[in-house]
Amino acid sequence: MNFIEELRWRGMLQDMIPGLEDQLAKEMTVAYIGFDPTAPSLHIGNLAAIMLLKHFQLCGHKPIALVGGATGMIGDPSGKAAEREFLSEDTLRANQIGIQKQLEKFLEFHSGANSAEVVNNYDWFKEFSFLGFLREAGKFLTVNYMMSKDSVKKRLETGISFTEFSYQLLQGYDFYHLYKNKNVRLQMGGSDQWGNITTGTEIIRRKEGHDEDSTERSAFALTTPLVTKADGTKFGKSESGNVWLDADNTSPYAFYQFWLNAADADVPRLIRVFTLYTKEQIEALEKEHAEAPHLRILQKAIAEEVTTRVHGADVCALVIEASTLLFSKDAVELIAGASDALLAQLPIHEVSGELLSECKNLTDLISVGTDNLIFPSKGEARKAIQNNAISINKVKVTDPNAALNFDRIRGKYVLVGNGKQKNYILSFK
RNA sequence: GGGGAUAUACCAGAGCGGCCAAAUGGGGCAGACUGUAAAUCUGCUGGUGAAUGCCUACGGUGGUUCGAAUCCAUCUGUCCCCA
């Protein structure tokens with residue numbers, strides 16, 4: 001199956017410049033996607049773009065991931081209502097390193113001609129003088145053209161700085177640079193990037209168009225739809241914020257739980273975008289799911305596949321075991337018999353001696369006693385207990401003043417449940 | 001440069017001297033029903049406390065008043081109109 005067909009049936013194709021299919025059929029093509037180093041880790045909002053590169057490589061083409069060391073210093077106005085604060089150069093550099101490492105998990109970097117590559121646009125922008133840039137890039141676009149971009153138009157009312165206005169020139173120049181130096185023919189991205197990407201194709205066309213056959217395009221754009229949820233809320237955020245790919249920011253357990261909790265209505269789209277299951281496999285899974293929806297076969301399939309890719313098969317297996325363990329009625333016995341490797345994946349929170357000594361009752365323990373992990377204030381903790389939301393070792397507790405004399409599993413663990421979905425294991429010295 | 005409007009909790013937005021920790025909607029959290037789903041219904045949603053209460057909060061500062069989110073002065077931010 002070719003790349004475009006693959007994207008089509010997966011619902012990952014929003015828009016592309018005509019002629020791209022011919023280009024892809026003609027030869028091994030090089031394409032890139034840019035990632036902003038605004039955080040030290042990528043999050044699942046970036047995952048759709050990564051999958052785009054993944055499919056691209058699987059179809060025999062060469063993917064390049066561009067880390068925006070330079071563009072990150074400017075700030076992309078797309079989808080932003082207001083001007084952004086700058087990140088310090090140190091932060092950006094640290095972020096770039098983190099992101100680069102993560103990308104390496106998804107793409108094949110040693111597969112011969114179509115090996116993936118990571119590039120950083122800071123490498124070619126750092127030497128660029130301001131005048132040089134104006135002559136090299138700025139001359140090829142009119143302000144009229146740049147103003148007509150959606151990302152700019154939306155900001156005309158509230159204001160946009162010259163810096164952010166220039167962003168599209170930088171991104172456009174990236175494309176041109178890679179076109180010249182890496183033989184890149186295609187830039188991909190989320191649908192919000194269409195404007196920025198076509199700026200690049202425009203620069204290439206104007207700078208290169210004359211000496212080639214001008215009717216034949218040589219630079220292409222392709223975008224993927226933004227992943228949305230059926231209830232209209234933003235995809236990719238959990239209650240505690242972004243879901244990161246980095247285990248330090250989002251534990252593998254939390255990561256797995258995120259996917260497992262996906263709504264039925266969203267699952268058919270998610271499984272197509274975020275997993276590599278084939279069309280036949282997905283249809284079979286959907287059929288199974290429809291017959292026994294309570295088993296949540298689709299959710300499990302996605303959660304397992306994605307967690308395996310991000311955190312590895314071993315960790316994923318443990319996390320699945322941890323999940324079934326915590327939600328089981330016999331959690332207490334299961335924890336008592338759990339292996340060390342399994343324990344390491346459970347959401348265990350160490351309760352410090354000092355904090356514990358300040359706790360008079362259960363309310364104190366699940367708020368201040370746990371560094372506000374479970375509840376941010378005593379008031380909320382008390383209300384949750386009164387609302388029948390809290391369980392200790394799988395038994396509901398309704399007295400906010402309950403004493404802290406619970407049975408400790410293995411002599412040190414206490415299992416705290418908040419609601420149906422959230423489980424914590426407190427560890428006492 | 002001149003004139004006008006506006007600033008309220010996570011967001012939107014009412015309140016315009018005491019009944020205001022502040023209506024209403026959204027969002028969030030929880031309970032019930034379920035499948036760790038969705039929809040629906042119910043409760044909660046500044047802190048502390050068992051509670052009367054106390055503390056902190058309606059852009060900043062200062063004032064008037066027994067009493068201010070509400071009135072006055074001033075500063076700051078934002079928006080609109082004229083030049």
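Naming convention: chains lettered A, B, ... in sequence-line order (proteins, then strands); numbering from 1 in each chain.
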Less than 3.5 Å between a donor and an acceptor, one on the side chain of A/Gln257 and one on the base of B/U36, is that the case here? yes

Residue A/Pro293, side-chain atoms from C-beta onward, closest of B/G35, B/U36, B/A50: B/G35

Report which part of the nucleic acid A/Ala263 touches: base, sugar-phosphate, or nothing (heavy-atom distance under 4.0 Å, all strands). sugar-phosphate

Check the phosphate of B/A30 against A/Lys422, side-chain N and O only, distance under 4.0 Å to OP1 or OP2. Yes or no? yes

Less than 4.0 angstrom between a side-chain N/O of A/Lys383 and OP1 or OP2 of B/A30, yes or no? no

Quick check on B/U36: is either OP1 or OP2 less than 4.0 Å from any side-chain nitrogen or oxygen of A/Ser323? no

Paired nucleotide for B/A69 [Watson-Crick or G-U wobble; both distances under 3.5 Å]: none

Taking the six-membered ring for Trp and the single ring otherwise, decide whether the centroids of A/Tyr173 and A/Phe128 are under 6.0 Å apart. yes

Are A/Arg309 and A/Phe106 in a cation-pi contact, defined as NZ or CZ under 6.0 Å from the six-membered ring centre and within 45° of the axis? no

Pick base, sugar-phosphate or nothing for A/Lys396, based on heavy-atom distances below 4.0 Å to the nucleic acid. sugar-phosphate

When rounded to whole Å, the CZ to P distance for the pair A/Arg296 and B/A38 reads 10 Å

Roughly how many Å is it from CG in A/Asp264 to P in B/G35, rounded to a whole number? 12 Å

Would you indicate what A/Ala265 reaches in the nucleic acid, counting non-hydrogen atoms under 4.0 angstrom: base, sugar-phosphate, or nothing? nothing

With a 3.5 Å limit on both atom pairs, tell me what B/C79 is paired to, counting Watson-Crick and G-U wobble, or say none. B/G4

Of A/Gln299 and A/Asn361, whose closest RNA chain B nucleotide lies nearer the 5' terminus? A/Gln299

In terms of the nearest nucleotide of RNA chain B, which residue is placed more toward the 5' end: A/Phe375 or A/Leu260? A/Phe375

Counting Watson-Crick and G-U wobble pairs only, both distances under 3.5 Å, name the nucleotide matched with B/C44, or none. B/G28

With both distances kept under 3.5 Å, what pairs with B/A9, Watson-Crick or G-U wobble? none

Using OP1 and OP2 only, check whether a side-chain N or O of A/Gln421 sits under 4.0 Å from B/A37. yes

For residues A/His349 and A/Thr370, report the shortest heavy-atom separation together with the two atoms involved. NE2-O, 3.5 Å

Are A/Glu108 and A/Lys54 ion-paired here, with the side-chain N under 4.0 Å from a carboxylate O? no

Considering only side-chain heavy atoms of A/Asn388, which listed nucleotide, B/U36, B/A32, B/A30, is closest? B/A32

Taking atom C1' in both B/U42 and B/U74, compute the distance separating them and give it to the nearest angstrom. 49 Å

Under a plain distance cut-off of 3.5 Å, with no hydrogens placed, do A/Thr71 and A/Asn121 share a side-chain donor-acceptor pair? yes

Using purine N1 to pyrimidine N3 plus N6-O4 or O6-N4 for Watson-Crick, or N1-O2 and O6-N3 for G-U wobble, both under 3.5 Å, which nucleotide pairs with B/A14? none

